Amino acid sequence: MESNKQWKEEGCSRSRITALIVDDDAMIRKIHKTMLERLFNMDAKTVNDGKEAVDLHRCGANFDIIFMDKEMPIMDGHEATKELRGMGVKSLIVGITTRTDGKDAEDFLGAGSNYCFEKPLDRTKVEQVLQDHPNFTT
């Protein structure tokens, strides 16, 4: 099933939301990318760690939503989130973690993330993010 939802931006409709998936696990990147593209018709890109996400934005890339893993080599998710917010990145940032003790959520939200969910990312979690965003309509 594909979503019939669209972005509305300044009076124009855009058929695809752009998403960046930041995760060091190749299988998770593939699963999340496939889900976002097939279920939500998103234009999804992937990178391996937080530093790559930051570097991509420094080079002028921009995404509507960033799905950010917590534990990664080189630069972890909450550090990358803090860096992106410090650069003025306005994208929705969704922290994703394997820990259930609340510490990662605290770190992500404190760094400027809009959401933090436990892995795996699923349809319900993505729908929650999209429903809460003012530019996303059915």
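Hydrogens, waters and symmetry mates play no part in the numbers below; they use all other heavy atoms, side chains included. Keep in mind it's a predicted model, so treat the numbers as computed, not measured.
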query = Any ring pair (Phe, Tyr, Trp, His ring centres under 6.0 Å) pairs touching residues 58-77, not counting sequence neighbours?
reply = His57-Phe63

message = Ile66 vs Leu84, test: side chain to side chain contact (heavy atoms under 4.5 Å, CB included). Steps then yes/no.
response = CA-CA 10 Å; Ile66 302 169; Leu84 290 168; 4.0 Å; yes

inquiry  = Is any side-chain heavy atom of Glu71 closer than 4.5 Å to one of Asp76?
reply    = no

task = Identify whether Leu121 and Leu92 are in the same connected component of the hydrophobic contact network (ILVMFWY, side-chain heavy atoms under 4.5 Å).
result = yes

inquiry  = As an exercise, state the distance from NZ of Lys103 to OG1 of Thr97, rounded to the nearest 0.5 Å.
reply    = 11.0 Å

ask   = Residues in side chain to side chain contact (heavy atoms under 4.5 Å, CB included) with Lys30, at least two apart?
value = Thr34

remark   = Here the gap from Arg99 atom CZ to Glu118 atom CD, rounded to the nearest 0.5 Å, amounts to 11.5 Å

ask   = Taking atom CG of Asp122 and atom NZ of Lys125, what is their separation to the nearest 0.5 Å?
value = 4.5 Å

request  = Return the set of residues passing side chain to side chain contact (heavy atoms under 4.5 Å, CB included) with Ala111 (not counting sequence neighbours), or none when no residue passes.
outcome  = His78, Thr81, Lys82

Under the side chain to side chain donor-acceptor pair (under 3.5 Å) test, residues paired with Asn114 that sit two or more places apart = Arg85

remark   = Of all heavy-atom pairs linking Cys116 and Phe108, the shortest is SG-CD1, 3.6 Å

ask   = To the nearest 0.5 Å, what is the distance between CD (Glu127) and CZ (Phe40)?
value = 4.5 Å

task = Please round to the nearest 0.5 Å and tell me the distance separating atom NE2 of His32 and atom CG of Asp23.
result = 7.0 Å

message = In the structure I gave you, are the side-chain heavy atoms of Asn62 and Thr18 within less than 4.5 Å of one another anywhere?
response = no

Ile31 side, atom CD1; Asp25 side, atom CG - distance, nearest 0.5 Å = 7.5 Å

request  = Determine, step by step, whether Ile17 and Leu130 satisfy the side chain to side chain contact (heavy atoms under 4.5 Å, CB included) criterion, reporting the C-alpha distance in whole Å, the side-chain angles of both residues, the deciding distance to 0.1 Å, and the verdict.
outcome  = CA-CA 10 Å; Ile17 296 168; Leu130 297 177; 4.0 Å; yes

query = Do Lys45 and Leu56 touch side chain to side chain, with heavy atoms closer than 4.5 Å?
reply = no

ask   = Of all residues at least two apart in sequence or in a different chain, which pass the side chain to side chain donor-acceptor pair (under 3.5 Å) check with Glu79?
value = none

With Asp49 via side chain to side chain contact (heavy atoms under 4.5 Å, CB included) - residues at least two apart = Lys51, Glu52, Met72, Ile74

